[in-house]
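Below is one structure, written out as structure tokens; the observations come after it.
Proteins come first, then strands; the chains are lettered A, B, ... in the order of their sequence lines, and each starts at number 1.
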Number of protein chains: 2
Amino acid sequence: MASIKDVAAEAGVSVATVSRVLNGHPSVSAAARARVLGAVEALGYRPNAVARSLRTDQTRTLGLVISDVLNPYFTELARSVEEEARALGYSVIIGNADERPDLQDHHVTTLLDRRIDGLLVSPTDGGSPRMLEAARAGTPMVFVDRWIPGVDVPVVRSDGRAAVRDLVAHLHGLGHRRLAIIAGPAATTTGRERVDAFREALGAHGLPLPDAYIGQGDFQADSGRRVTEGFLDLPEPPEVVFAADNLMALGALDAVRARGLRVPRDIALAAFDDIRWFVHTDPPVTAIAQPTGELGRAAVRALVDRIEGRGGASVTLPARLVVRRSCGEPPASSPQSPSPSPVRRSTT
Amino acid sequence: MASIKDVAAEAGVSVATVSRVLNGHPSVSAAARARVLGAVEALGYRPNAVARSLRTDQTRTLGLVISDVLNPYFTELARSVEEEARALGYSVIIGNADERPDLQDHHVTTLLDRRIDGLLVSPTDGGSPRMLEAARAGTPMVFVDRWIPGVDVPVVRSDGRAAVRDLVAHLHGLGHRRLAIIAGPAATTTGRERVDAFREALGAHGLPLPDAYIGQGDFQADSGRRVTEGFLDLPEPPEVVFAADNLMALGALDAVRARGLRVPRDIALAAFDDIRWFVHTDPPVTAIAQPTGELGRAAVRALVDRIEGRGGASVTLPARLVVRRSCGEPPASSPQSPSPSPVRRSTT
DNA sequence: CCTCCTCGTGGAATCGATTACACGAGGAGG
DNA sequence: CCTCCTCGTGTAATCGATTCCACGAGGAGG
């Protein structure tokens with residue numbers, strides 16, 4: 001592979017001049033510039049990003065460590081992150097933690113070893129020592145979706161509290177009183193927050209959230225299945241199951257179907273995170289939709305602001321409820337509750 | 001960030017000795033080794049991968065350029081690729097082409113600039129000049145899923161011919177005679193092959209594949225919707241629509257639902273690529289499943305074999321038909337056709 | 001005509017590692 | 001006791017870029 005020396009030789013100038021041409025420095029004569037450009041073309045020269053990074057101490061690369069690539073929510077997040085980063089002149093290296101702290105740690109380490117300019121993380125757990133250390137050492141960093149309390153790092157996330165309230169109001173309006181939740185891991189903020197929001201919303205309607213109605217999941221489909229089976233085995237099973245992410249909702253659907261039961265006739269289902277497939281499931285699933293793309297873009301902007309020394313602050317965006325049919329048919333357009341909240345009826 | 005020099009100073013040895021300890025060279029005294037390790041620990045030193053790569057001319061990184069991250073098939077592929085690569089001591093940088101040749105080119109260029117050790121590509125089109133040039137220049141490279149004819153690069157893919165034959169036999173057995181296909185872009189091998197296999201299988205049953213029944217899609221949901229609408233507008237609409245990937249099947253479902261029609265009563269649907277959600281769609285979708293995980297792992301092994309000078313050959317794995325309910329209820333276990341083919345009835 | 005600036009250019013240091021080569025100490029063998 | 005080898009270690013070159021500094025040519029101004 002041709003190096004800058006080859007180009008210099010071919011053009012009959014020094015490497016310094018070649019570098020200047022390549023980096024658009026002003027003080028290069030038109031003649032020299034033309035000869036260098038010609039040589040670059042002739043040799044098919046491309047600058048070695050590795051060498052450049054070593055010298056300039058910047059890689060123009062962002063690291064993104066997400067909890068689970070197979071989760072469509074994170075896939076979409078990753079996509080919008082890459083898009084915005086590209087627009088800003090950065091590349092992105094994605095690390096998939098698969099909800100495993102050890103894997104998360106592995107990726108954080110590898111990314112740091114590669115001297116990425118900044119790190120975007122959706123932590124799987126309370127935070128690996130290496131990550132906390134990096135944050136303390138001043139590595140530009142931003143949390144997205146999930147975060148770690150007590151660490152001085154901006155957080156870009158969506159607040160589902162209002163949407164959960166809307167959901168519970170919707171469920172209550174349909175006559176449901178026994179509501180259960182499949183929670184995410186307590187080690188994650190989203191795992192805890194969604195339960196808290198749910199409990200609070202239930203409280204507002206005078207409904208309890210008994211321990212038996214809080215199933216411990218891990219954001220993976222299998223746990224959704226397992227927890228739902230447990231709910232169905234209860235002497236008094238819940239009327240509604242609210243899954244704290246889309247994969248656990250998938251598992252819940254599996255479990256219900258395996259028993260030969262039907263949604264929403266036998267049990268209703270709602271999910272956090274809206275995905276395209278929810279329109280076509282049997283039945284279409286009522287879900288809380290996050291502004292995923294916006295989240296990813298905002299996170300990148302915050303991180304790049306940090307990197308380039310322009311601050312970079314936390315951002316919180318609202319989520320919204322999308323009503324479909326998995327919780328029961330809405331009472332046929334009764335005018336009794338005009339619902340001033342941002343509940344949106346899906347067109348499906 | 002501490003460098004090797006700091007470690008050397010702290011340990012009271014030269015950088016050469018530090019390097020030797022870090023790389024497990026034999027000729028280092030136990031005492032020196034202990035002091036170096038102590039210094040590494042004390043300083044929290046981590047070797048700079050950028051500097052190392054520059055010197056050794058290897059990054060231990062693989063590039064993976066896929067056509068569309070939002071497609072669950074590719075997501076799963078990416079995941080298995082990363083997994084196998086990690087097991088072999090490599091990292092993976094993913095580039096998402098979004099089915100756009102220009103973006104594919106951008107990613108290939110960036111990856112090459114970063115001097116990745118090898119490239120795994122699922123080409124979006126006939127191949128960018130830069131990619132072909134890289135292949136010719138000897139960059140270790142392997143095509144996965146899709147490939148470019150006439151280029152001397154191993155291909156790891158799955159052969160759907162037999163499964164398509166099984167599918168057509170299944171459809172024919174259900175009494176369907178007017179079968180249509182939503183094709184992928186003609187610029188991709190999978191786009192062409194699936195149509196060819198379909199036409200061939202139809203021919204074996206004496207059925208035609210009229211041009212009006214070949215809809216031109218681009219592997220994205222929108223095109224599936226558009227093409228399906230066209231089919232439904234035909235004076236004699238097809239009885240079955242076979243989508244050449246899962247996203248176009250999603251679009252087809254959208255279109256059917258938008259007309260207030262039902263699958264399979266009004267029109268049957270089948271798809272290439274099986275995904276978890278197909279179990280829970282309304283109705284569950286009959287699909288052709290590729291051994292995606294195996295494909296990803298085999299591709300990485302082939303690529304690493306190339307990189308490390310051990311050859312690395314093409315691999316073709318069979319796909320198989322998974323029958324669900326989207327093409328009509330199978331005739332209730334009639335013993336007339338024991339079906340010696342590897343048709344699997346899904347447990348759903 | 002001399003002095004001083006500006007402009008274009010090249011030489012060389014540098015980033016953080018790896019590694020060929022040289023060298024000194026110490027043990028083995030004659 | 002001398003020679004030779006082995007072992008552990010250090011010095012310095014190197015990878016491919018960027019960039020500081022110096023230098024020479026040429027123009028402007030006095």
Are B:T61 and A:R114 close enough that a side-chain donor and a side-chain acceptor fall under 3.5 Å? yes
With A:R79, which residues qualify under salt bridge (Lys or Arg N to Asp or Glu O under 4.0 Å), at least two apart? A:E83, B:D98
Under the side chain to side chain donor-acceptor pair (under 3.5 Å) test, residues paired with A:D145 that sit two or more places apart: A:Y73
Looking only at the side chains, is there a donor atom on one of A:Q104 and A:D125 sitting less than 3.5 Å from an acceptor on the other? yes
Is there a donor-acceptor contact under 3.5 Å from the side chain of B:S67 to the main chain of B:E99? no
Kindly say whether A:R115 contributes a backbone atom to a donor-acceptor pair with the side chain of A:T59 at under 3.5 angstrom? yes
Mind checking what makes salt bridge (Lys or Arg N to Asp or Glu O under 4.0 Å) contact with A:R297, not counting sequence neighbours? A:E294
Taken in chain and number order and not counting sequence neighbours, the residues that satisfy salt bridge (Lys or Arg N to Asp or Glu O under 4.0 Å) with B:R46 are A:D113
Please compare A:A32 and A:V15 by the position of their nearest nucleotide in DNA chain C and report the one closer to 5'. A:A32
If the condition is side chain to side chain contact (heavy atoms under 4.5 Å, CB included), which residues does A:A34 pass it with, not counting sequence neighbours? none
Could you give the side-chain donor-acceptor pairs of residues 306-313 of chain A under 3.5 Å, partners two or more places apart or in another chain?
residue, atom, partner, partner atom, Å
A:R306, NE, A:G311, O, 3.1
A:E308, OE1, A:R310, NH1, 2.9
A:E308, OE1, A:R310, NH2, 3.4
A:E308, OE2, A:Y90, OH, 2.9
A:R310, NE, A:D305, OD1, 3.2
A:R310, NH2, A:D305, OD1, 2.8

Short of 4.0 Å, heavy atom to strand atom, which residues of residues 17-29 of chain B count as contacting DNA chain D? B:T17, B:R20, B:S27, B:V28, B:S29
Between B:A31 and B:R115, whichever has its closest DNA chain D nucleotide further toward 5' is B:A31
Can you list the stems that include DNA chain D, where a stem is three or more consecutive Watson-Crick or G-U pairs with distances under 3.5 Å? C:1-30 with D:1-30
Taking side chain to side chain donor-acceptor pair (under 3.5 Å) as the definition, give me every residue that meets it alongside B:S19, ordered by chain and number, with sequence neighbours left out. B:N23
Numerically ordered, the residues 45-59 of chain A set in heavy-atom contact under 4.0 Å with DNA chain C is A:L54, A:R55
At a 4.0 Å cut-off to heavy atoms of chain A, the contacted part of DNA chain C spans C:dG8 to C:dG16
Check side chain to side chain donor-acceptor pair (under 3.5 Å) between A:R136 and all other residues, then give those that pass, not counting sequence neighbours. none
Any donor-acceptor N/O pair, A:T139 side chain to A:A135 backbone, under 3.5 Å: no
